[in-house]
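Pasting a structure here, questions to come.
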2 protein chains.
Amino acid sequence: MSVQMKQQLLRNELIKFFYYDNRLTLAELSRRSHKSLPLVTSTVNGLIEDGYIQDNGLAASTGGRRASSFQLNADKQRYIVAVAVDQMVTQVVIYDLMNNVKVGLQKKELVLHDNPALTETFIDFLKDYISGSGIPPSQILGIGIGMPGFVSAIKGVNHTFFKLGGSITLKDHLSKELGLPVFIDNDSSLIALAELKFGAGKDLKDVLVVNIGWGIGLGMIVNGGLFRGHSGYAGEFSHIPLSQSNKMCSCGKRGCLEVDSSLVFMIERAKAEMDSGASSSMEQVYKTTGKLPADLFLNAAKSGDPLAVSVLSDAAFLVGKGISTLIHIMNPMLIVLSGRGAVAGKILMAPIQQAINEFCIPWLAEQTEIQVSTVATNAELLGAATLVIENCDFN
Amino acid sequence: MSVQMKQQLLRNELIKFFYYDNRLTLAELSRRSHKSLPLVTSTVNGLIEDGYIQDNGLAASTGGRRASSFQLNADKQRYIVAVAVDQMVTQVVIYDLMNNVKVGLQKKELVLHDNPALTETFIDFLKDYISGSGIPPSQILGIGIGMPGFVSAIKGVNHTFFKLGGSITLKDHLSKELGLPVFIDNDSSLIALAELKFGAGKDLKDVLVVNIGWGIGLGMIVNGGLFRGHSGYAGEFSHIPLSQSNKMCSCGKRGCLEVDSSLVFMIERAKAEMDSGASSSMEQVYKTTGKLPADLFLNAAKSGDPLAVSVLSDAAFLVGKGISTLIHIMNPMLIVLSGRGAVAGKILMAPIQQAINEFCIPWLAEQTEIQVSTVATNAELLGAATLVIENCDFN
DNA sequence: TAAAACTTTATAATTTTTTTAAAAAGATTT
DNA sequence: AAATCTTTTTAAAAAAATTATAAAGTTTTA
């Protein structure tokens, strides 16, 4: 590798450190980058000359001479477009390098299943949003997109949705159409990335993040980094054979975890129970509209509605059985419950803990902590932004 | 880190490369160590001066000037004591740095369960073997020991067997008693290490090794290295909740994979079938001695005995269901069937493949290859030797 | 078949980076 | 308040990586 390339790589790396922790000292940067202090010092001086970062006065003392601290320069702005796609709705927001919202969140109903115009609609939506934002493309570092399905971030393809005819990858197609660097990844991987960088998993090495949403996803942090498996599809937690039920799963098999524990299943079951006469605070909306939105269901559970709580608990118990398997195989330090289902976190914890008590070797279960995410509501968007930061070039 | 330490580290690293592949060129060493050619050249010259390695003439041409190749110097010998402990028998052998057997394999019956004199007997056995070998301790690099149970290689403890009273770790205790560096690890981890360095997993990055023995173990290769989990106990495959049966497992739970698929179970079942009148080539030994040794059972299966094959197939199907879970979660490049049960490899493959067809998403299953180990019979001993090589100091 | 063109290895010269040492600045103790 | 201890910063020396060049084979081509 040439000298210039290595220097550019270090510049990128240092800027990333400032993205994750805004104020840092030279000593801290040297520790994190595993580079010597003189080298880090001169690289930082270069970044200051180019306007990327600025001096931020002396840091608090740690028992000796106080160190100068540095931070990103607010004047030299760069922006990130973060996109979170789910089965029903697509969300987009523009962040700055301090993770502040620069252009407000916009949502669009966009059903993924059986939608021939999907890719085209998706591109138009993003085009409009970005051009409407008024930010010049030269200031946008890239577009990060999280989406469900079998996604390989490395190859830039999705084998489930947004299928294209030709030989071009989804990533390249979007990049060409939108005129900006595009990075795609599986929704659960991005949520795990957000938890790793900003949430409960910060600075930890072996963390599993369970994404409770329309399916049950899994993002894996191994040795301090996202683990993707040899061909990029690790973490297909949804379809491990666990359930005793004989129901057919969308994947064509029986006994998948997802069949009896996803949000789709929970809502169907809540509807069925109401149809057969169960009373609930969700009744009115369901009876008048015929629909039962996920948010309504989750909020009902949160506020103690007995039907919603019971449905959620049963599903969570099965997730807990799956988590028991994960604990045995991976021996993680921490398991984070995240995704939109995590808003009902407290209700999930009890049945999950109960399943762990039943299915885990107690001694092993003690080695793993279970936590509910604190950044769940915008974890996927944060993760999408992180994906851009990790892969773009600052120059 | 000081300069001398770094240089010693590089020397160790280079010697290790020669241990795994005996003839290497300077360019190859530079590539593998990620160090520059001049540095590698001068380090190799130092190793030649100290007698560790020697020039081995020109390597075959690769299209340009032929490179000099080097290899370990047979005169400067160092030896490794490799120990493989299983539930019934303990084996020990001494290898040289070319993995040749220097002192022949010795076996001793040593039952782990309910054996208060275990540790003492074990130490005496090794003491006798080593002193009987006539090799001076100064030439022994260390003792590598693979054993069943919840073992943490890093902490040097076993929570299941060889329990000691005081606060000293098993590793330190053995090291003190035997007067040599001792390294311990879980049997399945060592088998995986052997497969990674010498077997089917050579040079691969994401490989899972299933150890079919008295239990069902799992050794995990992640990103090209042994994965141990955050506290050292990853790969507890035996006790994931999978089986429909209601039998109580030794761990106190129900539904563990191990209950219906380990060698212990298989032999018990074969006995029961013969008791209730099933005919088999194993009958004679069983009827006369009342015992059914594992080797007899496995060989019967290998030579097509219908009872043994049927018992083995049923167990293998369940292992296959467990493997399906692993494929979904880890997306490995390769799964190796190893351990003593792997001698019946061909018979195992069919039911395992069938289970994968039934429980895996086909598209995902295609990404993973399943192979039977070719080094299974002495994989654990090889792994134990590798453990020493990876952790000892050459000086 | 022999010269030219191409590959690869080995060594030397230069540049970069790290290590070590020393100085400066601040906190803590006596 | 002086002395001691910590930590950061700067400077000098040593180590290692690049880059360039030479040497030794292979392959191509006229």
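Being a predicted model, the structure only gives us computed values, none of them experimental. Throughout, a chain's letter reflects where its sequence line sits, starting with A, and its residues are numbered from 1. Computed over heavy atoms, backbone and side chain alike; hydrogens, waters and symmetry mates excluded.
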- Message: Side chain of A/Lys35 only, heavy atoms from C-beta on: which candidate in D/dG25, C/dT18, C/dG26 is closest?
- Response: C/dT18

- Item | Atom-pair distance (CG on A/Leu39; P on D/dA16), nearest Å | 16 Å

- Message: Please report the distance, rounded to the nearest Å, between CG in B/Leu37 and P in D/dT18.
- Response: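 Roughly 11 Å, once rounded to whole Å.
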
- Message: Can you tell me if B/Ser68 touches the phosphate of C/dA10, counting only side-chain N or O atoms and a distance under 4.0 Å to OP1 or OP2?
- Response: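 Checking B/Ser68 against C/dA10: at least one side-chain N or O falls below 4.0 Å of OP1 or OP2.
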
- Message: Check this one for me: any side-chain N or O of B/Lys6 less than 4.0 Å away from OP1 or OP2 of C/dT19?
- Response: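 True: B/Lys6 side-chain N/O within range (under 4.0 Å) of C/dT19 OP1/OP2.
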
- Between D/dG25, D/dA17, C/dT18, which one does the side chain of B/Arg66 approach most closely? D/dG25

- Message: Taking 4.0 Å as the cut-off, does a side-chain nitrogen or oxygen of B/Gln7 come that near to OP1 or OP2 on D/dA16?
- Response: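 Yes, such a contact exists.
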
- Item | Residue B/Pro38, side-chain heavy atoms: nucleotide from D/dT18, D/dT8, D/dA16 that is nearest | D/dT18

- Message: Measure CD/B/Gln4 against C1'/C/dT20 and give the value in whole Å, please.
- Response: 11 Å

- Message: Which residue is it: A/Leu24, A/Asn73, A/Asn45, A/Leu47? I am looking for the one with a side-chain contact (heavy atoms from CB on, under 4.5 Å) to A/Ile53.
- Response: A/Leu47

- Message: If I take atom CG from residue B/Leu72 and atom CG from residue B/Asn56, how far apart are they, to the nearest 0.5 angstrom?
- Response: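 CG of B/Asn56 is found 10.5 Å from CG of B/Leu72.
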
- Message: One pair to check against salt bridge (Lys or Arg N to Asp or Glu O under 4.0 Å): A/Arg11 and A/Asp50. What are the steps and the verdict?
- Response: CA-CA 11 Å; A/Arg11 285 167 65 102; A/Asp50 294 355; 2.6 Å; yes

- Item | Interatomic distance where CG belongs to B/Leu9 and P belongs to D/dA16 [whole Å] | 12 Å

- End-to-end bend of the helix from C/dT1-D/dA30 to C/dT30-D/dA1 (five-pair axes, 10° rounding)? 10°

- Task: Take atom CG of A/Leu58 and atom P of C/dG26, then tell me their distance rounded to the nearest Å.
- Result: 7 Å

- Centres of the A/Phe18 and A/Tyr52 rings: under 6.0 Å?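 Here the rings of A/Tyr52 and A/Phe18 have centres that are no less than 6.0 Å from each other.
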
Show me the side-chain donor-acceptor pairs of residues 179-186 of chain B shorter than 3.5 Å, one per line, residues at least two apart or across chains.
from, atom 1, to, atom 2, distance (Å)
B/Asp185, OD1, B/Arg228, NH1, 3.1
B/Asp185, OD2, B/Arg228, NH1, 2.7
B/Asp185, OD2, B/Arg228, NH2, 3.0
B/Asn186, OD1, B/Ser188, N, 2.8
B/Asn186, OD1, B/Ser189, N, 3.3
B/Asn186, ND2, B/Gly149, O, 3.0

- Between P of D/dT8 and CZ of A/Phe70, the distance in whole Å: 13 Å

- Query: Which residue lies toward the 5' end of DNA chain C, A/His34 or B/Leu26, if each is placed at its nearest nucleotide?
  - Reply: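 Checking each residue's closest nucleotide, the 5'-ward one belongs to B/Leu26.
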
- Item | From D/dT9, D/dT26, D/dT8, nucleotide with atom closest to A/Ala27 side chain | D/dT8

- From D/dT18, C/dA10, D/dT9, pick the nucleotide closest to the side chain of A/Ala67?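 Closest nucleotide among those given: D/dT9.
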
- Verify the neighbour count for atom NZ of A/Lys205: are there more than 12 heavy atoms of other residues, nucleotides or ligands below 6.0 Å? no

- Spacing of B/Leu10 atom CG relative to D/dA17 atom C1', expressed in whole Å: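 Distance, rounded to whole Å: 13 Å.
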
- Item | Option passing side-chain contact (heavy atoms from CB on, under 4.5 Å) with B/Asp21 (candidates B/Glu28, B/Lys202, B/Gln71) | B/Lys202

